[in-house]
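This report refers to the structure that appears directly beneath it.
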Amino acid sequence: MDEQYLPEKVEKDAQAYWDKHQTFKAVEDPHREKFYCLSMFPYPSGKLHMGHVRNYTIGDVLTRFMRMQGRNVLQPMGWDAFGLPAENAAIANNVPPAKWTYDNIGYMKQQLKSLGFAIDWGRELATCKPDYYRWNQWLFLRMLEKGIAYKKTGVVNWDPVDQTVLANEQVIDGRGWRTGAVVEKREIPMYYLAITKYAEELLADLDKLPEWPERVRTMQANWIGKSTGVRFAFPYKLDDRDERLWVFTTRADTIMGVTFCAVAAEHPLATHAARNNPKLAAFIDECKHGTVMEADLATMEKKGMPTGINVTHPLTGEPVPVWVGNYVLMGYGEGAVMAVPAHDERDFHFAKEYRLPIKQVIQVSSETFSTDAWQEWYADKTRGRCVNSGMYDGLDYTGAVDAIAADLKAKNLGDKQVMWRLRDWGISRQRYWGCPIPIIHCGRCGDVPVPDKDLPVVLPEDCVPDGSGNPLNKRADFVNCACPKCGQPARRETDTMDTFVDSSWYYARYCCADNGAAMVDARVKYWMPVDQYIGGIEHAILHLLYSRFWWKVMRDTGLVQGDEPFARLLTQGMVLNEIFFRKPASGRVVYYNPADVEIRIDDKGVRTGAVLKSDGQPVESSGIGTMSKSKNNGVDPQSLIDQYGADTARLFIMFAAPPEMSLEWSDEGVAGANRFLRRLWKLVAEHVSAGLPAKADFSNLPPALRNLRRQSHQTLAKVTDDIGRRRTFNTVVASVMELSNALSRHGDASEQAKAVRHESLEFITLALAPIVPHITHALWMALGHREAVVDARWPQADPIALKQDSLEIVVQVNGKLRGRVAVPVDAKEDKVREIALADEGVARHVGGKAVKKVIVVPGKLVNIVVAG
RNA sequence: GCCGAAGUGGUGAAAUUGGUAUACACGCUACCUUGAGGUGGUAGUGGCGAAAGCCGUGUGGGUUCGAGUCCCACCUUCGGCACCA
């Protein structure tokens with residue numbers, strides 16, 4: 001064994017061993033319990049970032065741990081390879097997205113290998129390859145047959161200068177990122193997937209996911225947003241025709257307080273009213289400015305304009321004016337709302353702004369209503385009763401909703417209805433670098449699905465986008481085709497699919513990535529569901545919801561079994577770093593990488609300032625943020641691996657924070673992690689050089705060695721629980737460090753001590769094996785083993801070693817810590833109380849006062865409550 | 001705006017079921033060691049106080065023998081909001 005820890009050599013050796021023995025090749029074996037550990041696959045953006053390293057290290061630790069527990073593990077890897085950044089790179093560098101993507105994959109794959117992840121590379125896939133995305137197309141066609149996929153218009157961001165559709169990300173402060181033109185909303189035809197047909201099941205099945213974080217289930221439930229309300233109509237006449245303005249409300253109890261209605265700018269009623277009203281037409285036009293982003297719509301100034309059209313209140317028969325409101329969404333509900341200013345905060349402010357009447361119809365006793373200012377209770381449906389509502393006066397929320405719904409139903413003007421916040425999934429993208437939608441447009445036959453035998457519709461890989469629309473439109477060889485039905489010349493659809501489609505089923509494809517004849521096969525039944533899925537919290541809603549939906553569609557198509565694809569979910573936190581900048585008197589803010597900044601501290605270690613290393617002048621800090629190019633605060637994992645090795649990188653990331661929390665970067669922390677590995681190496685090297693112990697006999701240990709051995713086994717028990725159940729890897733590292741510190745302090749050179757130390761070092765090596773697999777590979781061999789640590793079994797703590805004779809109990813007086821006493825492990829409550837009260841320090845604090853109560857918590861503490 | 005989290009020493013954090021607040025690590029201080037280049041080691045390190053002791057987990061209330069943990073209100077920061085992935 002080398003005296004010094006040489007990470008480069010150690011890591012090369014271990015990786016060569018795994019390669020040679022094909023250690024991570026996963027083979028289906030019905031006789032063994034499987035463990036499918038999946039990390040979210042990376043987008044091949046160029047090089048790995050720290051978030052990737054964190055994600056895949058967490059997955060790797062669990063994979064290796066489960067492997068040592070005897071499970072048949074699968075940890076695959078692939079590439080989420082379609083997407084916008086490839087097109088941006090194409091525009092910037094004039095390279096085809098395909099070449100850029102494949103180059104990045106090559107580089108990042110080599111980086112992943114250098115980190116020593118236990119990946120079965122035989123199952124690698126890339127979503128931009130036809131053998132993958134043909135099955136997107138194939139299942140899309142099945143969805144068309146089932147009526148789950150359908151076509152309708154949708155609203156997109158439109159750049160009027162580039163004449164192109166913009167992603168939300170490409171809109172900056174309401175303007176196109178390249179042209180600076182004010183973005184407009186535009187309606188275009190698109191394909192949708194009817195995820196709302198699965199809304200009920202997607203909501204209910206959250207209960208089948210007890211191993212998902214509570215917050216993710218809550219967010220999904222709120223996103224799906226089931227609400228029961230009343231859908232009803234305001235009748236009106238239009239050119240002597242009888243029409244109805246339909247609305248939906250969850251507050252039908254306030255229907256008698258309706259003083260106006262508001263419709264979206266795109267609503268047919270608005271369009272009709274604008275025909276002879278230039279001012280209204282101009283307003284509707286103005287509403288088209290801006291983006292389709294929900295956050296923008298929710299925070300913008302609420303504006304409106306009357307249409308001049310009145311509708312009739314369905315219960316009172318009174319005329320109700322209709323307004324156009326820029327805050328009403330055409331895509332949600334009916335594109336029209338009833339407005340009750342007295343009991344809806346947004347309506348209240350709108351009515352004040354435009355001097356519309358406010359009519360109170362709910363009263364909470366003991367409160368006073370005033371139109372001067374909004375008060376919380378106006379919208380409180382739990383405490384209010386109806387007033388000024390005729391026959392509904394005195395009813396509470398449910399009573400009023402029931403009565404009003406019944407009356408509307410009797411008039412054939414409405415009824416109760418379940419409403420979802422969830423909207424159908426628009427998958428059409430007017431972009432090149434994605435999976436082609438398999439449709440052919442024929443002048444005679446309309447939209448014709450591409451027959452299965454013609455799949456895949458292959459995307460040409462040599463296009464170079466220039467930012468002005470989809471280059472596929474200019475590719476005659478792609479666009480021009482024959483109609484599959486009538487054989488006449490036709491046009492191929494050039495829209496591609498949302499990349500969320502690609503990532504909605506890749507987990508299933510890993511099970512059978514080599515199958516060229518079918519989307520999935522029997523191997524999926526063995527591996528699925530994923531036992532542990534790991535990825536960023538930012539995917540808590542969209543990706544996970546789409547995947548759950550897609551899986552259910554596959555199930556209903558007879559392709560797979562089971563209701564949910566991911567049994568257990570771990571959402572990792574973000575990786576953060578400090579942000580340094582200078583703001584010159586004129587010009588733009590300049591950001592400096594933390595590696596180029598020196599922190600100044602005083603002699604207590606408290607920070608006094610920061611200067612740039614190159615010029616010694618101060619820089620400002622704007623706190624901590626996620627690592628990003630724009631803030632120039634990224635740390636390149638490669639430099640870390642080059643400097644310290646993969647194990648140090650892995651150890652620091654696992655140690656710095658629990659996986660679900662955000663992780664703050666620290667160069668000193670990395671150095672500390674490396675220091676620990678060097679100390680551990682030295683500890684083992686010294687132990688080994690003294691000669692390995694003979695067969696261990698632990699039956700007659702002196703107390704000091706018994707205590708040390710107990711600590712070893714306690715550590716093992718804790719570490720097993722921390723990885724296996726709690727998934728808190730930071731505390732795993734901490735307790736192993738504690739044990740290693742205890743070993744260093746023990747100078748005993750006896751044969752017995754050697755044996756205890758040997759056992760402890762084996763535990764430490766095994767416990768760390770999932771986290772730092774390379775160094776432990778070397779240490780395990782040095783400790784005298786023939787088999788590799790990766791194939792070793794996870795040990796079990798020995799109950800005899802764990803046994804203790806006495807316990808330390810904390811004694812409190814009035815809740816304050818006043819003493820510690822030792823009690824026998826089997827002492828009864830009375831005995832514990834007696835020992836506690838007899839303690840000298842405790843007696844001093846009781847000070848002869850009357851003892852009112854004594855609380856004994858077995859094995860923990862005694863609290864003596866005294867008077868005064 | 002809406003939905004979901006987080007906030008504990010100088011710093012990252014620990015405290016698992018309401019029961020010893022600050023484990024482990026970083027930083028800092030002192031001393032020792034080594035011929036300076038990611039040295040190694042020993043001791044100390046929440047605040048105030050001479051001490052006894054008191055105070056202390058974002059802020060303000062509350063429940064409890066006992067609250068970092070539970071309840072109410074608020075502040076700040078972060079994630080998501082349907083075309084970034």
Side-chain angles (χ1 to χ4, degrees), chain A residues 40 42-43 45 80 83-85 156-157 165-171 213-216 218-219 221-223 225 292-300 327 331 346 421-423 425-431 498-500 503 536-543 545-546 571 573-574 576 601-607 623-626 643-644 652 655-658 660-676 679 682 718 721-722 725-726 728 730-731 733-738 741 808-812 814-817 820 852-855 857 860-865:
Chain A
M40 289 182 186
Y43 178 79
S45 54
D80 188 12
L84 200 53
V156 294
N157 301 311
V165 176
L166 298 178
N168 284 337
E169 193 188 51
Q170 297 172 312
V171 180
E214 179 77 41
R215 58 173 164 162
V216 175
T218 305
M219 277 191 269
N222 290 338
W223 184 263
V292 299
M293 283 180 260
E294 167 110 8
D296 285 356
L297 294 166
T299 50
M300 72 185 175
Y327 59 92
R346 190 177 58 188
R421 208 191 77 97
L422 182 68
R423 306 198 291 262
W425 176 13
I427 58 156
S428 294
R429 297 291 179 269
Q430 298 68 46
R431 262 186 271 288
D498 181 3
T499 54
F500 274 125
S503 56
I537 181 66
E538 67 273 19
H539 295 291
I541 297 177
L542 290 178
H543 161 62
L545 194 62
Y546 291 146
T571 50
M574 318 278 284
L576 314 176
I601 52 169
D602 65 16
D603 60 6
K604 282 186 174 168
V606 180
R607 180 197 285 214
I624 303 291
T626 57
Q643 196 181 353
Y644 295 108
F652 168 72
F655 179 54
E660 310 235 43
M661 270 210 243
S662 55
L663 183 155
E664 204 177 305
W665 194 256
S666 153
D667 288 332
E668 291 81 9
V670 174
N674 185 251
R675 202 173 305 151
F676 170 73
R679 270 203 301 261
K682 213 174 97 187
K718 177 176 167 50
D721 187 49
D722 283 356
R725 181 181 61 88
R726 296 177 66 210
T728 52
N730 54 328
T731 56
V733 177
S735 33
V736 169
M737 282 174 170
E738 274 186 86
N741 289 345
E808 190 184 65
I809 295 273
V810 164
V811 186
Q812 299 178 329
N814 284 347
K816 293 206 160 139
L817 178 64
R820 294 159 203 276
K852 290 200 335 200
K853 200 170 175 184
V854 178
I855 289 137
V857 183
K860 284 256 164 74
L861 62 65
V862 176
N863 188 14
I864 300 160
V865 185

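Per chain, numbering begins at 1; letters A, B, ... match sequence-line order. Since the model is a prediction, treat every value here as computed from it, not as a measurement.
For B:U69 and B:U63, the C1' atoms lie 14 Å apart once the distance is rounded to whole Å. Taking atom P in both B:A6 and B:G10, the straight-line distance is 23 Å, to the nearest Å. Here the separation of B:C65 from B:C81, taken at their C1' atoms, is 47 Å to the nearest Å. Going from the C1' atom of B:A23 to that of B:U8 covers 13 Å, rounded to whole Å. If you take atom P in B:G38 and the same atom in B:G27, they sit 15 Å apart, rounded to whole Å. Comparing the same atom, P, in B:G68 and in B:G9 gives a spacing of 14 Å after rounding to whole Å. Remark: the separation of the C1' atoms in B:G19 and B:U64 is 12 Å, to the nearest Å. Straight-line distance between the P atoms of B:G66 and B:A82: roughly 49 Å, to the nearest whole Å.
Base orientation of B:G35: syn, since the glycosidic angle falls within 90° of 0. B:G58 shows a glycosidic angle more than 90° from 0 and is accordingly assigned anti.
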Polar atom pairs (N or O), protein with nucleotides 1-5 of chain B, under 3.5 Å:
{"from": "B:C3", "atom 1": "O3'", "to": "A:Asn222", "atom 2": "ND2", "distance (Å)": "2.7"}
{"from": "B:C3", "atom 1": "O2'", "to": "A:Asn222", "atom 2": "ND2", "distance (Å)": "3.1"}
{"from": "B:G4", "atom 1": "OP1", "to": "A:Asn222", "atom 2": "ND2", "distance (Å)": "3.4"}
{"from": "B:A5", "atom 1": "O2'", "to": "A:Arg215", "atom 2": "NH1", "distance (Å)": "3.4"}

If you restrict it to nitrogen or oxygen atoms, what contacts under 3.5 Å exist between nucleotides 60-64 of chain B and the protein, and what is each distance?
none

For nucleotides 16-27 of chain B, give me every protein contact, N/O to N/O, under 3.5 Å, one pair per line with atom names.
{"from": "B:U16", "atom 1": "O2", "to": "A:Arg725", "atom 2": "NH2", "distance (Å)": "2.7"}
{"from": "B:U16", "atom 1": "N3", "to": "A:Arg726", "atom 2": "NH1", "distance (Å)": "3.2"}
{"from": "B:U16", "atom 1": "O4", "to": "A:Lys718", "atom 2": "NZ", "distance (Å)": "2.5"}
{"from": "B:G19", "atom 1": "N2", "to": "A:Asn863", "atom 2": "ND2", "distance (Å)": "3.4"}
{"from": "B:U20", "atom 1": "O2", "to": "A:Arg820", "atom 2": "NH1", "distance (Å)": "2.6"}
{"from": "B:U20", "atom 1": "O2", "to": "A:Arg820", "atom 2": "NH2", "distance (Å)": "3.2"}
{"from": "B:A23", "atom 1": "O2'", "to": "A:Glu738", "atom 2": "OE1", "distance (Å)": "3.3"}
{"from": "B:A23", "atom 1": "O2'", "to": "A:Glu738", "atom 2": "OE2", "distance (Å)": "3.3"}
{"from": "B:A25", "atom 1": "OP1", "to": "A:Asn741", "atom 2": "ND2", "distance (Å)": "2.9"}
{"from": "B:C26", "atom 1": "OP1", "to": "A:Arg675", "atom 2": "NH1", "distance (Å)": "2.9"}

Would you tabulate the pairs of protein nitrogen or oxygen atoms and nucleotide nitrogen or oxygen atoms of nucleotides 70-75 of chain B closer than 3.5 angstrom?
none

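A close approach under 4.0 Å does not occur between any side-chain nitrogen or oxygen of A:Ser662 and OP1 or OP2 of B:C78. At B:G10, none of the side-chain N or O atoms of A:Arg607 fall inside 4.0 Å of OP1 or OP2 (strictly under the cut-off).
Whole-Å rounding puts the A:Met574 CE to B:A85 P distance at 16 Å. If you measure from atom CG of A:Leu84 to atom P of B:C83, you get 13 Å, rounded to the nearest angstrom. Atom-to-atom, CD of A:Glu664 to P of B:U77 comes out at 16 Å; the value is rounded to the nearest Å. Rounded to whole Å, the distance from CD on A:Glu660 to C1' on B:A13 is 16 Å. Rounded to whole Å, atom P of B:A52 lies 16 Å from atom NZ of A:Lys816. At whole-Å resolution of the value, CE in A:Met661 and P in B:A15 are 9 Å apart. As rounded to whole Å, 13 Å separates atom C1' of B:U39 from atom CG of A:Asn674. Atom CD1 of A:Ile864 is separated from atom C1' of B:G66 by 13 Å (rounded to the nearest Å).
Here the closest non-hydrogen pair linking A:Ser735 and A:Thr731 is OG-O, 2.7 Å. Minimum interatomic distance between A:Val165 and A:Gln170 (heavy atoms only, all atoms of both residues): O-OE1, 4.3 Å. In this structure, A:Leu84 and A:Arg431 approach most closely via the heavy-atom pair CD1-CD, 3.4 Å. Nearest approach of A:Arg421 to A:Asn222, heavy atoms of both residues: NE-O, 3.5 Å. Looking at every heavy atom in both residues, A:Ala540 comes nearest to A:Val216 through O-CG1, 3.6 Å. Minimum interatomic distance between A:Gly83 and A:Tyr43 (heavy atoms only, all atoms of both residues): O-OH, 3.8 Å.
Taking the ring pair (Phe, Tyr, Trp, His ring centres under 6.0 Å) definition, one finds that A:Phe655 meets it with nothing, sequence neighbours left out. Here A:Arg726 pairs with A:Asp722 under the salt bridge (Lys or Arg N to Asp or Glu O under 4.0 Å) rule; sequence neighbours left out. Scanning for salt bridge (Lys or Arg N to Asp or Glu O under 4.0 Å) contacts around A:Glu808 gives A:Arg820, with sequence neighbours left out. Partners of A:Glu538 by salt bridge (Lys or Arg N to Asp or Glu O under 4.0 Å), not counting sequence neighbours: none found. Scanning for ring pair (Phe, Tyr, Trp, His ring centres under 6.0 Å) contacts around A:Tyr546 gives A:Trp425, A:Phe500, with sequence neighbours left out. The side-chain contact (heavy atoms from CB on, under 4.5 Å) search around A:Lys853 returns A:Ile855, A:Val865, not counting sequence neighbours. Shown here are the ring pair (Phe, Tyr, Trp, His ring centres under 6.0 Å) partners of A:Trp665, two or more places apart in sequence or in another chain: A:Phe652.
Looking at RNA chain B, the stems built from 3 or more consecutive Watson-Crick or G-U wobble pairs, each pair with its key distances under 3.5 Å, are B:1-7 with B:75-81, B:10-12 with B:24-26, B:27-32 with B:40-45, B:46-48 with B:53-55, B:58-62 with B:70-74.
Using a 4.0 Å heavy-atom criterion, one finds that A:His543 contacts no nucleic acid atom at all. Using a 4.0 Å heavy-atom cutoff across all strands shown, A:Val156 reaches at least one base atom of the nucleic acid. Within the 4.0 angstrom heavy-atom criterion, no nucleotide atom of any strand lies near A:Pro42. At the heavy-atom level, A:Phe676 lies nowhere under 4.0 Å from the strands shown.
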### Task
Could you go through the side chain to side chain contact (heavy atoms under 4.5 Å, CB included) check for A:Met219 and A:Ile537 one step at a time?
CA-CA 11 Å; A:Met219 277 191 269; A:Ile537 181 66; 4.2 Å; yes
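The shortest distance between side-chain heavy atoms of A:Leu422 and A:Leu545 falls below 4.5 Å. Contact of the A:Val171 side chain with the A:Met293 side chain is registered, since non-hydrogen atoms from C-beta on lie closer than 4.5 Å. Side-chain atoms of A:Val156 and A:Val292, non-hydrogen and from C-beta on, never get closer than 4.5 Å to each other.
Nearest-nucleotide positions on RNA chain B place A:Thr728 closer to the 5' end than the other of A:Thr626 and A:Thr728.
Ion pairing of A:Lys718 with A:Glu738 is absent here, as no side-chain N (NZ or NE/NH1/NH2) approaches a carboxylate O to less than 4.0 Å.
Minimum atom distance to the side chain of A:Arg423 is reached by B:A82, of the listed B:G80, B:C84, B:A82.
Of the possible polar contacts, one joining the A:Asn157 side chain to the A:Leu166 backbone as a donor-acceptor pair under 3.5 Å is found.
A donor N or O paired with an acceptor N or O is not found under 3.5 Å between the base of B:C84 and the side-chain atoms of A:Gln170.
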